[in-house]
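Taking it in order: structure first as structure tokens, then the write-up.
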Amino acid sequence: MGSKLFYYIFIVFLVPNLNFSQDANLLTVEYVYSNDIYSKKETLVLNGSKAVYFRPPFSQTNTRNITNDGNGEIFISAGDIDIHSTILFSDSKSIRHYTLTNDTKRYIVEEPVTDLKWTILNSNKTISGYKCKKATLDFRGRSYEAFFTPDITTMYGPFKFNGLPGLIMEMTSIDDKDGTYHSWKVQKISSSVHYDGKILDLKNYKGIYIKIKDFIKLKEDQSRRKSEISNSRLPQNTKVTKVVYNRLGIEKIYEWETQE
Amino acid sequence: MTKLNSHIFTVLQKKTYIGLFLFLFPLLAISQIKGTVADSLSAPVSFATVILKTAQDSSIVAYAQTSRTGTYALLPKKTGKHFLTFSSLSHARKIVDVEVIDLNTVIEINVQLREQQLELDEIIINSDLPIRVKQDTIIIDAKAFMQGNEEVVEDLLKKIPGLTVESDGTIKINNQEVEKVMIEGDDFFEKGYKILTKNMPAKPLNTIEILKHYSNNKLLST
């Protein structure tokens, strides 16, 4: 009876360790992210089962555009751009982003993995010696074109663009009717381990857990409050007739918003 | 009363089972390619990518990741010659030919992958890197580092990794002071670059070149 017990305990300790060696290989991929306003280096670090994506912050003070249409109406378009640094944690079940809000609180925003509906085309392109295949995707209000290489085995890519059977070398938004665009291009790929495996583990980061739907609402409430405060400072006899919020970021529409 | 109820329940159960079986029977015959991926020690390989391609033009038909227990399942779309590639970051790739004879049978393909160290030392993809080194000169693509709140060139230089700017404006790379800073290819002040970096506005810049060390031969040529 004793030896049987020992046998079972031995198995219990052995089994979880079987996958350990597969998680040891870390791949670091540096992307250059560009949009119509700025360009920045972003980094993807991954192993077989998870990935971390680092997006640095960006802030820019822009002048507010004020146009007077002559009928007593004035149009004011917003100025400042303030994008906080984000770290995205992806695994097979969910994507969590560690981010700051305007009130400098740290949040861990959670969203379930929605299987992205990639369409793989039979179009090929060679990028730096890697044979790449073309794929297209519609994601949260934008259309994208990607070139990925099955020669580098990973399902992870820049930002939230996971799910292709190979590393995304280039990803570009196409057909942008609002004048904005977003693109990612690989600059460097390295398997030398610069990072401690700990950075892949969300447990090492502290923040308030929140679901993405609630987080988007929170941010919009914060923006609304901000504009209410500035509207309250308008001179007498002026009235705000309409406030339009245009999302110019990567994600323009969310799934739950189209399900009305 | 309870005896009657349990009798009905058992009968219903039987009917349900038969009904389910009949209903599912056609589903049991869908075509599928499935199997298990293991390593040389027969331990399951999870998160390996399995891709089904047509032999004719290598177009991708379907793909999947192996589960925690190393299993995968793919649905072929056409009959004919195909091949499966099994790949993983920690193992050598394996290719297996598959012939899909009809779309009604399940094909089982199990593979064993050999462990392999990932060998991707450092591959630099684009030639338009934000920082390029050409012999003694470091060429910096200013726009890649601009955050928008830089006033003068010095503010921008402070953001470049590997570069340190001291309070008096001395620029050092790896603790070695630089000799020259050139803006858009023009060398204005030689060692007096501090006037330049402390006053020139950062906004319109495209490239900044930094000369790491000044060749002493120049002094000898007089």
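On a predicted model such as this, the values are computed, not experimentally measured, just so you know. Residue numbers start from 1 in every chain, and the chains themselves are labelled A, B, ... in the order their sequence lines are given, proteins ahead of strands.
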Inset, instruction - Supply the atom-to-atom distance A:N122 CG to B:K53 NZ, rounded to the nearest 0.5 angstrom. - result: 10.5 Å

Inset, instruction - Please report the closest heavy-atom contact between A:T153 and B:R93, naming both atoms and the distance. - result: OG1-NH2, 4.0 Å

Inset, instruction - Check whether B:A48 gets within reach of chain A through its side chain, its backbone, both or neither, counting any heavy atom under 4.5 Å. - result: neither

Legend entry - Whether over 12 other heavy atoms sit under 6.0 Å from B:K198 NZ: yes

Legend entry - Part of A:S34 within contact of chain B (heavy atom distance under 4.5 Å): neither

Inset, instruction - Could you grab the distance from atom NZ of A:K50 to atom CZ of B:F47, nearest 0.5 Å is fine? - result: 9.5 Å

Legend entry - Closest approach of B:L89 to A:G48 (non-hydrogen atoms, all atoms of both residues): CD1-N, 4.0 Å

Legend entry - Proximity breakdown for A:P56 and chain B, heavy-atom pairs closer than 4.5 Å: neither

Legend entry - Over 12 non-hydrogen atoms of neighbours within 6.0 angstrom of CD in B:E151: no

Inset, instruction - Enter the distance from B:T85:OG1 to A:D151:CG here, rounded to the nearest 0.5 Å. - result: 9.5 Å

Legend entry - Greater than 12 external heavy atoms within 6.0 Å of B:Q56's CD: no

Legend entry - Contacting region of A:L121 [heavy-atom separation from chain B under 4.5 Å]: neither

Inset, instruction - Could you list the residues that satisfy side-chain contact (heavy atoms from CB on, under 4.5 Å) with A:T86, not counting sequence neighbours? - result: A:R55, A:L88, A:H97, A:T99

Inset, instruction - Return yes if some donor-acceptor pair links the side-chain N/O of B:Y63 with the main-chain N/O of A:G163 below 3.5 Å, else return no. - result: yes

Legend entry - Atom pair CG/OG of A:N47 and B:S90 - distance to nearest 0.5 Å: 8.0 Å

Inset, instruction - Of all the heavy-atom pairs spanning A:F148 and B:I60, show the shortest one and how long it is. - result: CZ-CD1, 3.9 Å

Legend entry - Atom pair CZ/OG of B:R68 and A:S92 - distance to nearest 0.5 Å: 6.5 Å

